[in-house]
Q: 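Structure provided below as structure tokens; questions to follow.
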Amino acid sequence: MLLLIPGPVQTQPQTRAAMAQDIAPWDDGFRPTYARIRERVRVVAGGIEGEHVTLPLQGCGHFMVEAALRTFVAPGGRVLVPANGTYAKRIARLGREAGRDMVLLDLPDTRGARPEEVAAALAADPTISHVALVYSETGSGIVNDPAAIGAVVRAAGKRMILDAVSALGALPLDLAAQPELDVAVFTSGKCFEGLPGIGFAVARVDRVLASAGQAGSWAFDLADVYAHALRSGWGSFRFTPPVQALAAFDVALDLHAAEGGQAGRLARYRANAMQLYDGLAGLGIQPYLSRAEQGPIIVTVRQPGDGAFNLGEFVEALKARGVLISNFFTTEAPTIRIGAIGAIGQADIAFALEAIGATLDAMGVTRRAAA
Ligand SMILES: *Cc1c(COP(=O)(O)O)cnc(C)c1O
């Protein structure tokens with residue numbers, strides 16, 4: 001089956017093979033692997049040795065986002081969320097339920113947030129302490145610009161939290177150049193092409209130290225993860241980790257480096273996304289985003305068939321032809337969401353486009369004339 005989903009993504013056989021072993025995570029034979037992963041991840045995020053640290057947690061991206069909000073925002077603190085997609089709204093819910101005061105900056109879900117919009121919202125409410133931004137909006141495929149938005153956050157004397165879950169590994173990040181960033185979070189199972197199971201935060205040490213004690217949760221306290229590393233070593237976990245997924249992640253990082261790191265991976269994903277974007281338009285399906293707003297991670301298109309389209313039926317019929325895509329959409333208008341990430345290339349995209357065309361034909365879905 002060819003997986004064209006936002007994650008967990010298709011992985012390389014070598015990565016999956018690393019899972020086929022029993023490992024004791026506290027064993028001296030494994031601790032160096034975990035410590036090495038933390039260093040490699042910090043480097044990919046552009047963190048500075050001694051200034052930034054990698055603080056992992058077991059689990060998924062939502063856990064990391066909640067941990068970041070709890071750790072770095074004081075209880076009752078106020079956070080601005082540029083809301084141009086579903087993952088931004090999830091940040092708001094995670095923060096609200098953790099007792100933080102989340103302020104939504106409502107924006108259309110078809111374009112990136114503009115720095116001047118964020119600057120105006122910060123100027124209008126001086127009680128806001130943080131901006132929580134989604135880097136790659138996985139609901140639609142748009143990409144926000146953390147460097148440009150970070151610059152206005154910095155100028156306003158505020159702090160920033162970055163949800164880079166579907167970005168890091170492929171989209172660039174330079175934590176060293178963005179001192180306003182308390183933390184960036186991401187996971188093993190998206191652009192790094194690892195197996196799901198581990199979340200990562202790369203955070204500023206000074207902010208971690210200044211934030212100790214405010215999480216209101218032992219499990220989700222990144223300051224406690226840091227304190228534990230100082231006490232017990234960088235190869236140690238507080239609680240039992242998905243250790244096979246960690247072993248696989250080390251291999252996934254080797255493959256990431258061999259591909260040319262972030263730049264190499266971005267080039268492949270961008271080629272995949274543009275091939276999908278143009279190929280779907282060629283099948284008479286309208287893109288949801290303009291070419292300028294289309295990011296390299298996810299391609300969304302409007303559902304064809306003039307209101308009579310059945311997404312569930314389409315996904316099942318496409319699966320029977322060997323291609324699995326997302327079976328739900330999260331955009332304002334009904335769309336189909338297709339992933340351009342994972343261990344896939346141009347031949348896979350060509351195969352998928354062929355299967356999509358054949359499935360639509362078999363279902364008798366009417367389309368516009370090919371673009
Ligand atoms: C996937 C994703 C998440 C959530 O990740 P889970 O592992 O499903 O919890 C959060 N934010 C963004 C931008 C994502 O793409």
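Just follow the structure's listing: the first ligand is 1, and inside any ligand the first atom is 1. Numbers for residues simply follow the sequence, beginning at 1.
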Q: Is R265 paired with E259 through a side-chain N to carboxylate O contact shorter than 4.0 Å?
A: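 Yes, E259 and R265 are salt-bridged.
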Q: I'd like to check the ring pair (Phe, Tyr, Trp, His ring centres under 6.0 Å) partners of Y87; sequence neighbours left out, ordered by chain and number.
A: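 For Y87 there are no ring pair (Phe, Tyr, Trp, His ring centres under 6.0 Å) partners, ignoring immediate neighbours.
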Q: Tell me, please, which residues at least two apart from D250 pass side chain to side chain donor-acceptor pair (under 3.5 Å).
A: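 So D250 forms a side chain to side chain donor-acceptor pair (under 3.5 Å) with R36, R40.
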Q: Under 30°, 30 to 60°, or over 60°: which ring-plane class applies to F249 and F192, parallel, tilted or perpendicular?
A: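 F249 vs F192 ring planes: perpendicular.
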Q: Counting only heavy atoms and a distance below 4.0 Å, can you name the residues contacting ligand 1?
A: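 These residues qualify: C60, G61, H62, Y87, V134, S136, T138, D163, V165, S166, K190.
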Q: Go through the structure and list residues passing side chain to side chain donor-acceptor pair (under 3.5 Å) with T300, not counting sequence neighbours.
A: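 None.
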Q: May I ask you to decide whether K158 forms a salt bridge with D182, counting only side-chain N to carboxylate O separations under 4.0 Å?
A: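 Looking at K158 and D182, the cut-off is not met.
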